Number of protein chains: 2
Amino acid sequence: MRPKQQVEKRVADFLEICRRQGVKATHQRTEILRELAGSEEHPDAETILTRVRQRVPTISVDTIYRTLRLLEDSGVIARVGSMRDRARFDANTDRHHHFVCTECEMIGDFYSDAMDQFPVPQEVSEMGSVEGVYVELRGICRKCKQKAMKTEGRTGEKP
Amino acid sequence: MRPKQQVEKRVADFLEICRRQGVKATHQRTEILRELAGSEEHPDAETILTRVRQRVPTISVDTIYRTLRLLEDSGVIARVGSMRDRARFDANTDRHHHFVCTECEMIGDFYSDAMDQFPVPQEVSEMGSVEGVYVELRGICRKCKQKAMKTEGRTGEKP
DNA sequence: AACTCCAATCGTAATAATTACTATTTAAGA
DNA sequence: TCTTAAATAGTAATTATTACGATTGGAGTT
Ligand SMILES: [Mn+2]
Ligand SMILES: [Mn+2]
Ligand SMILES: [Zn+2]
Ligand SMILES: [Zn+2]
């Protein structure tokens, strides 16, 4: 849960962007962004739908997906989590990267100047122009490791 | 197109793995790997299907997807290209990373010791244990840039 | 080489995420 | 308040991927 103040700042910024881009600042859009901006867990579309429904009971899947695309295109949110069955979303616009648990799909943020300022290799410049870097560190999270330990113990040599 | 010699080496290695793991070295599996190992373009499942069909006309989608999963699980191939609508596959098992064109989805390999030996930040160690790094440099490839130039010229100020 | 057996394949159906359609509603400017 | 085009809700369509059940064939045995 992110601080309410920050969340409302993000929502206000979005309303300004709507005005500038000439798109309507609807209740649905506002609530979807508010939900995402308040979360640190990079939820998927269905999770966002379920949660926003508590406040806007008639909201539709179409609106969820359409709004997420709109927000992504405006640079207000990003899509994270590679090659999984479902997309995950992120309202954190600070330059950062992700740790992904391959077991439970938990996604955590981390920051690294070294990674941000990584020099683009020659061979890449020859392929095209680089506009963004996506880094994902993959492994097993604390929680899943502990769970594995317990399971191992249960099937172990104890009488 | 990768050299035929290298491709056949990869296929032979796979046949050995089949023997060790007690799974059957079928014609279909061999041809799927041969196709993928011979390509440098990180094809998707449908592309692989189309191409393998030229040599094995009756091969089914099920076999393609099932085999790709088998090869991935055995570490013979990898899945690349994040958060797109379809998965892309890679038979290059050398440690390397990718440049991805956001326009045409072209994927190119690059190598970087610096990126491979990157120290894992403290905050990540606290989240869990890192087992792999996935890096994607995103941008616009040469070909797409030239195409954009031409289109711009056509709609420009020339009489 | 013929025999056996179970894993693998084929053709097709099912699933699940995402996108599209259309009648209805609503944000926002006059 | 009135107007209007954009946005939404409810539902259907699309698309990648996975599952199913009948049939085939790889590979070990005789
Ligand atoms: Mn994040
Ligand atoms: Mn590659
Ligand atoms: Zn986990
Ligand atoms: Zn391109």
Side-chain angles (χ1 to χ4, degrees), chain A residues 11-12 14-33 35-36 42-50 52-74 76-77 79-89 105, chain B residues 11-12 14-33 35-36 42-50 52-74 76-77 79-89 105:
Chain A
V11 171
F14 170 63
L15 297 179
E16 179 55 33
I17 289 172
C18 286
R19 225 162 291 135
R20 260 203 287 276
Q21 307 213 332
V23 304
K24 293 182 181 174
T26 66
H27 183 44
Q28 289 89 336
R29 287 175 175 169
T30 309
E31 286 307 313
I32 288 168
L33 177 58
E35 177 57 44
L36 196 49
H42 309 86
D44 60 17
E46 200 192 333
T47 303
I48 296 168
L49 173 64
T50 306
V52 173
R53 276 230 165 113
Q54 316 227 344
R55 281 171 279 148
V56 190
T58 61
I59 201 166
S60 68
V61 279
D62 182 56
T63 299
I64 294 288
Y65 280 103
R66 206 171 3 82
T67 301
L68 289 170
R69 267 178 290 164
L70 175 82
L71 292 170
E72 189 189 3
D73 292 346
S74 322
V76 176
I77 68 169
R79 200 174 280 257
V80 299
S82 37
M83 74 199 57
R84 284 148 225 300
D85 51 351
R86 60 190 76 184
R88 304 275 292 266
F89 299 89
E105 312 239 290
Chain B
V11 171
F14 171 62
L15 296 178
E16 179 55 33
I17 289 173
C18 286
R19 225 164 289 134
R20 260 204 287 276
Q21 307 213 332
V23 305
K24 293 182 180 172
T26 66
H27 183 44
Q28 290 89 335
R29 285 174 176 169
T30 309
E31 287 305 315
I32 289 168
L33 177 58
E35 176 57 44
L36 196 48
H42 310 86
D44 60 16
E46 200 192 333
T47 303
I48 296 168
L49 172 65
T50 305
V52 173
R53 275 228 166 114
Q54 316 226 346
R55 279 170 279 148
V56 190
T58 61
I59 201 166
S60 68
V61 279
D62 184 51
T63 299
I64 294 288
Y65 279 104
R66 206 170 3 83
T67 301
L68 288 170
R69 266 178 290 163
L70 174 82
L71 293 169
E72 189 189 3
D73 292 346
S74 322
V76 177
I77 67 169
R79 202 175 278 256
V80 299
S82 37
M83 73 199 60
R84 285 152 221 297
D85 52 351
R86 59 191 75 184
R88 303 275 291 266
F89 299 89
E105 311 240 288

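Computed from a predicted structure; not experimentally measured. Heavy atoms only: backbone and side chains are in, while hydrogens, waters and symmetry mates are out. Just so we're on the same page: letters track the sequence lines, and every chain starts at 1.
Using a 4.0 Å heavy-atom cutoff across all strands shown, A:D85 reaches sugar-phosphate atoms only and no base atom.
To the nearest 0.5 Å, atoms CG (A:L49) and CD (A:Q54) are separated by 10.5 Å. The OG atom of A:S74 lies 12.5 Å from the CZ atom of A:R69; values are rounded to the nearest 0.5 Å. The distance from atom CD1 of A:I48 to atom CZ of A:F89, rounded to the nearest 0.5 Å, is 6.0 Å.
Atom CZ of A:R53 is separated from atom P of D:dT8 by 14 Å (rounded to the nearest Å). The interatomic distance linking A:H27 (NE2) with D:dA6 (C1') rounds to 18 Å, in whole Å. What separates CD of A:Q21 from P of D:dA5 is a distance of 21 Å, to the nearest Å. To the nearest angstrom, C1' of D:dA27 lies 18 Å from CZ of B:R20. Note: CZ (B:R19) to C1' (C:dA7) measures 17 Å, nearest angstrom. Straight-line distance from the CD atom of B:E105 to the P atom of D:dA16: 11 Å, rounded to whole Å. Rounded to an integer number of Å, the gap from CG of A:D73 to P of C:dT19 is 11 Å. Per the geometry, NZ belonging to A:K24 stands 10 Å off P belonging to C:dG29, to the nearest Å.
With respect to the salt-bridge test (charged N to carboxylate O, under 4.0 angstrom), the residues A:R19 and A:E16 qualify.
If you find the closest nucleotide of DNA chain D to B:A25 and to B:A87, the one lying nearer the 5' end belongs to B:A87.
Side-chain nitrogen and oxygen atoms of B:R86 include none within less than 4.0 Å of the OP1 or OP2 phosphate oxygen of D:dT17. Between A:Q28 and C:dT26 there is no side-chain polar atom (N or O) within less than 4.0 angstrom of OP1 or OP2.
The side chain to side chain contact (heavy atoms under 4.5 Å, CB included) check on B:R88 picks up B:H42, B:D44, B:V80, B:E105, B:I107, with sequence neighbours excluded.
Of the residues in residues 56-69 of chain A, those with a non-hydrogen atom less than 4.0 angstrom from any atom of DNA chain C are A:D62, A:Y65, A:R69.
The side-chain heavy atoms of B:T26 and B:T67, taken from C-beta on, include no pair separated by under 4.5 Å. Using a 4.5 Å heavy-atom cutoff, the side chains of B:V56 and B:I32 are not in contact. Looking at A:E31 and A:I59, their side chains never come closer than 4.5 Å, going by heavy atoms from C-beta outward.
No hydrogens or angles considered: a donor-acceptor pair under 3.5 Å links the side chains of A:R66 and A:T63.
Rounded to 10°, the helix from C:dA1-D:dT30 to C:dA30-D:dT1 has 40° between the axis fitted to its first five pairs and the one fitted to its last five.
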